Amino acid sequence: MNKFRDFEKKWQEKWKKYKVFKVDNSSKKKKFYNLEMFPYPSGEGLHMGHSRNYAIGDVFARYKRLNGFNVLYPMGFDAFGLPAENAAIKTKTHPKEYTEKSIKNFISQLNALGNSYDWDRLVKTCSVDYYKWNQWLFLKFFNAGLIERKKAPVNWCNSCGTVLANEQVEDGECWRCHNKVELKLLEQWFLKITKYADELLHGIKDLEGWPEKIRLMQENWIGRSEGTLVDFKLKDTDEKIQVFTTRPDTLWGVTYIVYAPEHERVLEMVKGTEYESKVKKFIDKVSLEDRYSRTAEDKEKEGMFIGKYAFNPVNNEIIPIYIANFVLADYGTGVVMAVPAHDQRDFEFAKKYDIPIKVVIDPEDYSLDPEKMIRAYVDKGKIVNSDEKFNGSTNFESIPGINMYLEEMKYGKREIQYKLRDWLISRQRYWGTPIPMINCKECGYIPVNEGDLPIKLPLSVKFSGKGNPLLGVKDFVEAQCPKCGKVAKRETDTMDTFFDSSWYFLRYCSSDFKNGAFEEKSVKYWMPVDQYIGGAEHAVLHLLYARFFVKALRDMGFLNFSEPFLKLFTQGVVYKDGNKMSKSAGNIVSQDEMIEKYGVDSVRIFLLGLAHPSKTVEWNDEGIEASFRFLNRVYGLKDKAKSNSGFYDKHLTSKINKLIKEVGENIEKFNYNIALIKVMEFVNYLSKVKRDVSSKVFEDSFKKFLIVFSVFAPHICEELYEYHDEGYISLSDWPKYDKSKIDEKLEREDEFISDVVGDVHAVLKLVKVDNPKKLKLYIADKWKYEVYEKFKKLNTRFIREIMKEVMIKGKEKDISKLVPMLIKKGVGVILDRDVEIKLLKNNQRLLEKEFKLEIEIIEEDNGKALPFKPAILVE
RNA sequence: GCGGAAGUGCCAGAGUCUGGAAAAUGGGAAGGACUCAAAAUCCUUUGGCUUAGUGCCUACGCAGGUUCAAAUCCUGUCUUCCGCACCA
C-alpha cells in the first residue's frame with residue numbers, strides 16, 4: 001500500500017548487513033549503557049504494547065549515539081521458564097524448540113521495528129553458555145554463605161506445580177497463572193537477600209534517577225521497622241518467650257500473649273496436656289487456608305487458649321497464652337504481646353474471647369474506660385498505670401527511655417525487623433537452570449565441583465504434565481558425591497528464572513567471554529547501566545533481585561559498584577477497549593499488520609507521539625493514519641530546496657536552532673510526545689516557507705531536521721539523507737544549535753503574523769469583500785516589537801482600559817470597530833522591515849482589493865502618551 | 001486503612017515548576033480551493049449566547065482563599081487509576 005515499505009526494508013537490511021550498530025568495548029568515546037528489560041520470548045509475537053516499549057528505548061539509544069556516545073544497546077531473551085514448558089506440553093513440542101522458534105520470531109520483529117540493537121551481543125538464558133554461569137554464580141553465592149537450604153512455609157502453586165517466591169505472589173495468586181497460592185511446609189533453597197535488607201533499603205535514597213513510585217514500592221516491600229524484643233517468662237519453667245513490639249510504651253497493658261499457630265513451640269507446650277488435641281485441630285484448620293485470605297484485614301479473628309501462662313517482666317503480672325490466626329509465624333518472632341486497649345487487632349480478639357482490657361495510655365484531656373471502649377486507642381497520649389518513672393509522660397516520646405530501661409533491666413533489647421523474606425529460588429520444574437548440588441546420604445547436600453560445570457539440562461525427557469520431568473532421567477539424577485565419592489542423588493530442582501535475569505546486564509558487556517560469567521574489564525567499562533527501561537511490574541521482583549546480586553557480587557570482589565541501574569524509566573501500558581493489550585484479553589493489534597499497512601516509521605511516531613511514554617494510553621486506529629499523512633508531508637519536502645531562491649533566512653535559521661535545542665531537551669526528559677509536537681510544528685513551518693528562503697539554508701536546515709527526526713523515524717530519514725549527504729544518518733552527529741541564532745523576537749513575529757492573517761480575514765469579512773484577489777499589509781516602522789511584548793504582559797483588564805482610549809483615524813467605520821480586536825491580538829507590532837503579507841486565501845489566489853488602515857493609540861496612564869505612534873496600514 | 005499518580009475542549013493530550021489573550025499539537029466534524037471525480041494536499045471554522053459589535057456569558061473535577069490577574073499558588077473536598085495491606 002505504501003511507498004515507505006520498500007526503503008524501510010532496504011535500510012533495515014543495510015543496517016544488518018554492515019553491522020551498523022555494532023559497538024566496541026575499546027572506543028575512545030564516552031560510554032552509554034542503554035538497556036531495556038529483556039523479554040520473555042513467548043510464541044505470540046509482538047503487539048503494539050511491546051512495540052511502544054521497544055521504540056522508547058530505541059529512540060534513546062539513537063539519540064545518545066548521535067550525541068557522540070559509545071552506546072551499548074543490546075538485546076537478549078529471558079528464555080527459561082514455565083510458559084515454554086507448559087506450551088511444550090500442550091503442543092507436544094520440546095521447550096527448547098518452542099523457545100528457539102519464539103526467539104527467532106522476536107528478533108525478526110524487533111528488527112522490523114527498526115531498533116538499533118547490537119545483535120552480536122545476543123544473550124539467551126537457556127543456552128548452556130549462559131546458564132553455566134548461573135551455576136557458577138550459585139556456587140559463589142553458596143561459598144559466600146548466601147545460600148541456605150531450609151524448611152519453611154512456602155507458597156505453592158498447584159497449577160504450576162512449583163513453589164514461588166513471596167515477590168511472585170500477587171493478591172494471593174500466582175503471578176503467572178493466577179491460581180490461588182497455598183502455603184506448604186517444605187525444605188527449599190533460599191538466597192539470603194535479607195542479609196542485604198538494610199543496604200538495599202538505604203541504597204534507595206541514592207537512586208535519584210528512579211521514579212519515586214518504584215522507590216517507595218521497594219521501601220515498603222523491604223518494610224523496615226524499629227522495635228524491641230521483650231522476654232516474657234513462661235510459667236513453671238525457665239523458658240523465655242521472646243516477642244517483638246514497636247510499642248514498648250504499651251508493655252504495661254499486656255493482658256495476653258499470642259503465638260502463631262504453626263509456631264514450632266506451640267505443640268511442644270501443649271504436649272500431653274488436655275489442650276493438645278484441640279490445638280492440633282485448630283492448627284490443621286488454620287493451615288488449610290491460604291496465606292492471603294488468612295491475613296485479609298477483614299478476616300474474623302480466631303484463636304484459643306492453650307493452657308499456659310507467662311509473666312510480664314515489667315510488672316510480673318501473670319498473663320494467659322493464646323494461639324490465633326492473625327499472628328504470622330515468619331514475621332518478628334512469631335509471637336506477639338497483646339495490648340487490647342491500644343491495638344485494634346488485640347482489641348477485637350480480647351472482646352471475642354473475653355480477655356481483660358487494661359488502659360495504659362490516656363488521651364490528653366480525658367480518661368479511657370475499658371468497659372466503654374468500642375475500639376482501641378492508638379494515638380498519642382499520656383502514660384498511665386505503668387511504671388512510676390513513665391507515668392504522666394507522653395507515650396511516643398518515652399519510647400527511647402523505655403527501651404533504655406528495658407535494656408538496663410535485661411528485660412529486652414532494641415531490634416530492627418524487615419518484612420523482606422529470603423528469596424526462595426528452587427523450582428520443581430524442568431525448563432530452567434539445574435541447581436548444582438548433590439545430595440549424599442552420608443555428607444548431605446554438597447555443591448558440585450566448579451570444574452564439573454556446566455550441569456547440562458538433559459534434553460530428552462518425558463513430559464507427563466505432572467511433577468518435574470527431571471526426576472525420571474536416570475542419567476541425570478544418579479551422581480557421585482563430590483566429597484566422599486559414593487553414589488548420590490543430583491538435585492532436580494531448577495532455579496527461579498529471576499536468578500537468570502539478575503545479572504544478564506553484566507553478560508552483555510562481554511557476551512562471548514569464556515572464562516567467567518563476565519569479563520571484569522568490560523564490566524568496568526560499561527557498568528553501571530546508564531539508562532534502564534522497563535515495566536513497573538518489576539518493582540519488587542527483578543529490580544530488587546538485581547540490586548541484591550550486584551551488592552553480593554561486589555562483596556565477593558567481582559564488582560566495584562553497588563547499584564546496577566543509575567536511571568530507571570518505567571513505561572506505560574497500552575490499553576485497548578479498556579483492557580491492557582494482551583493475548584488473554586483478546587484485544588491485540590499486531591505489530592506486523594500495522595507495519596505492513598502504514599510502515600514502521602508511522603507506527604513508531606504514532607506510538608511515541610500519543611502521550612508521554614510513562615503514561616498508559618488507549619489505542620485508537622484513527623491516529624496512526626495521521627502519522628502516516630505526516631510522514632507523507634515530510635517526504636514531500638525532499639525536493640523543495642531546489643525551488644528556493646530568496647535570501648531571507650533569519651526565520652528558518654532561528655527555527656531550526658530552536659528545534660534542535662527543544663527536541664534534544666525533551667528527549668532527555670523522555671518527553672517524546674512534546675519533542676514530536678515540536679517536530680510537527682517545524683514541518684508545518686517548512687512546508688509553508690516560500691521562495692524567500694535561500695536554497696542553501698533550506699537544505700542545510702532540512703538536513704539538520706532529518707538528523708533530529710531520525711531518532712523517531714529512522715528509515716525515512718536515512719532515505720532522504722541520502723539525497724543530501726553520504727553515510728548513515730544513524731551514525732551522523734546530532735546538529736549543534738547556536739543559541740544566539742534563536743531569535744525569540746522573530747519567533748514572536750511569526751506568532752504576530754499569523755495573528756494578523758487572522759485579523760485580515762476578519763477585516764475582509766467585515767468590509768464584506770467577497771472575493772478579494774490581493775491584499776498588501778504594511779506595518780510601519782515605528783511600531784516596535786516591544787510594544788507587542790508590552791501588551792502581552794499587561795493584564796486583560798488594562799488592555800481593555802486602553803482600548804477605550806483608542807483613537808481611530810480610520811476612514812471606514814466598519815474597520816474602526818475592529819481596532820480593539822486588532823490591538824488585543826497584538827497588532828501594532830512593528831517588524832524591523834516592511835512585511836508584505838500576501839494572503840494566500842483559497843490556495844494561491846491572491847487577494848485583490850487593497851485597504852488602508854491607520855490606528856493611533858494614546859495611553860492615558862499618567863497622561864503620557866506612549867512613546868510611539870502606532871500605525872497599521874492595510875493597503 | 002496507608003502510600004503514590006491523575007482529573008483540561010467532541011476525543012486523545014500539552015500547558016501547571018517560573019500566575020498574565022477561549023488554551024499547543026493531533027484526531028474527529030463543518031465549509032472552501034484544486035479535481036470530471038476521489039485520494040492526497042492546502043485554506044477557514046469548531047465553548048455558549050448573539051440585536052453579529054469580537055459585545056456579553058461560561059470554562060481547565062467540585063468548593064473556597066491569595067492576587068489587579070489563577071488551569072497554574074494555598075486550603076478543603078469528590079472521583080478514577082496503581083501499589084501495599086491483620087508486619088505486632
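Keep in mind that this is a model prediction, so the values were computed, not measured. Letters A, B, ... are given to chains in the order of the sequence lines, protein chains preceding strands, and every chain is numbered from 1.
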For this session: Among A:Phe630, A:Trp619, A:Tyr598, find the residue that satisfies the ring pair (Phe, Tyr, Trp, His ring centres under 6.0 Å) test when tested with A:Phe606.
Result: A:Trp619
Exercise. Which of parallel (below 30°), tilted (30 to 60°) and perpendicular (above 60°) describes A:Trp423 and A:Tyr545?
Worked result: parallel
For this session: Starting from C1' on B:C86, measure out to CG on A:Asp330 and report it in whole angstrom.
Result: 13 Å
For this session: Report yes if a side-chain nitrogen or oxygen of A:Ser225 is closer than 4.0 Å to either non-bridging phosphate oxygen (OP1 or OP2) of B:A88; otherwise report no.
Result: yes
Exercise. Which base, if any, makes a Watson-Crick or G-U wobble pair with B:C73, both distances under 3.5 Å?
Worked result: B:G65
Problem set entry | Spacing between A:Ile605 atom CD1 and B:U25 atom P, to the nearest angstrom | 17 Å
Exercise. B:G13 P sits how many Å from A:Lys678 NZ, rounded?
Worked result: 19 Å
Exercise. What nucleotide, of B:A85, B:A88, B:U25, holds the atom closest to the side chain of A:Ile677?
Worked result: B:U25
Exercise. Under a 3.5 Å cut-off for both distances, is B:U18 Watson-Crick or wobble paired, and to whom?
Worked result: none
For this session: Answer whether the closest heavy-atom distance between the side chains of A:Arg421 and A:Asp330 falls below 4.5 Å.
Result: yes
For this session: Using a heavy-atom cut-off of under 4.0 Å over every strand shown, decide if A:Asp346 touches base, sugar-phosphate, or nothing.
Result: nothing
Exercise. P atom, B:A6 versus B:G13: distance in rounded Å?
Worked result: 14 Å
Problem set entry | Ion pair A:Lys351/A:Glu348, N-O distance below 4.0 Å | no
Seminar exercise, completed: Taking a pair to mean Watson-Crick or G-U wobble geometry with both distances below 3.5 Å, B:G1 pairs with B:C84
Exercise. On a whole-Å scale, what distance lies between the P atoms belonging to B:A37 and B:U54?
Worked result: 36 Å
Problem set entry | Under-4.0 Å side-chain N/O to phosphate OP1/OP2 contact, A:Arg629 with B:G27 | yes
Exercise. How far does the C1' atom of B:G7 sit from the matching atom of B:C56, given to the nearest Å?
Worked result: 30 Å
For this session: Using a 4.0 Å heavy-atom cut-off across all strands, classify A:Lys615 as base, sugar-phosphate, or nothing.
Result: sugar-phosphate
For this session: Please state how far atom OH in A:Tyr672 lies from atom P in B:U25, giving the value in whole angstrom units.
Result: 24 Å
Seminar exercise, completed: Closest to the side chain of A:Arg633, out of B:G83, B:C42, B:A14, is B:C42
For this session: Ignoring backbone atoms, establish whether A:Asn684 has a side-chain N or O less than 4.0 Å from OP1 or OP2 of B:G26.
Result: yes
For this session: With RNA chain B as reference, determine whether A:Asp343 or A:Gly623 sits nearer its 5' end, using the nearest nucleotide of each.
Result: A:Gly623
For this session: Report the distance from atom CZ of A:Arg215 to atom P of B:A5, rounded to the nearest whole Å.
Result: 12 Å
Exercise. Salt bridge between A:Glu665 and A:Lys661, side-chain N to carboxylate O under 4.0 Å?
Worked result: yes
Exercise. Do A:Lys213 and B:C82 have a side chain to base donor-acceptor pair shorter than 3.5 Å?
Worked result: no
For this session: Could you tell me the separation between the CD1 atom of A:Ile214 and the P atom of B:C84, rounded to a whole number of Å?
Result: 11 Å
Problem set entry | Atom C1', compared across B:U8 and B:A59: separation rounded to whole Å | 10 Å
For this session: Write down the distance separating the C1' atoms in B:U18 and B:A70, rounded off to the nearest Å.
Result: 14 Å
Exercise. Which part of the nucleic acid, if any, lies within contact of A:Glu625, taking any heavy atom under 4.0 Å across all strands shown: a base, the sugar-phosphate backbone alone, or nothing?
Worked result: nothing
Problem set entry | From CA spacing to verdict: salt bridge (charged side-chain N to carboxylate O under 4.0 Å, His left out), A:Arg247, A:Asp343 | CA-CA 10 Å; A:Arg247 293 290 304 275; A:Asp343 180 284; over 6 Å; no
Exercise. Between A:Pro248 and A:Asn403, what is the shortest heavy-atom contact and its length?
Worked result: CG-OD1, 3.6 Å
Exercise. Rounding to the closest angstrom, what is the interatomic distance between B:G53 and B:G65 at atom C1'?
Worked result: 36 Å
For this session: Provide the distance between the two P atoms, one in B:U35 and one in B:U46, to the nearest whole Å.
Result: 28 Å
Problem set entry | Value in whole Å for how far the C1' atom of B:A14 lies from CE of A:Met680 | 13 Å
For this session: Taking only the side-chain nitrogens and oxygens of A:Arg224, find out if one of them lies under 4.0 Å from OP1 or OP2 of B:C87.
Result: no
Seminar exercise, completed: Of the listed B:U25, B:A85, B:A14, the closest approach to the A:Asn673 side chain comes from B:A14
Exercise. Looking at A:Phe396, is A:Lys380 sitting on its ring face, NZ or CZ under 6.0 Å from the six-membered ring centre and within 45 degrees of the normal?
Worked result: no
Exercise. What is the distance, rounded to the nearest whole Å, between atom CZ of A:Arg345 and atom P of B:G1?
Worked result: 17 Å
For this session: Sticking with atom C1', work out how far B:G26 lies from B:G20, rounded to a whole angstrom.
Result: 27 Å
For this session: Could you work out which one of B:A85, B:G15, B:A88 sits closest to the side chain of A:Val336?
Result: B:A88
Exercise. Phosphate oxygens OP1/OP2 of B:A88: is one of them under 4.0 Å from a side-chain N or O of A:Tyr331?
Worked result: yes
Problem set entry | A:His612 vs A:Leu676, nearer the 5' end of RNA chain B by closest nucleotide | A:His612
Problem set entry | B:A88 base / A:Arg247 side chain donor-acceptor hit below 3.5 Å | no
Exercise. Which nucleotide, in any strand shown, forms a Watson-Crick or G-U wobble pair with B:U79, with both distances under 3.5 Å?
Worked result: B:A6
Exercise. Of the candidate nucleotides B:C86, B:C87, B:A88, which contains the atom at the shortest distance from the side chain of A:Lys419?
Worked result: B:C87
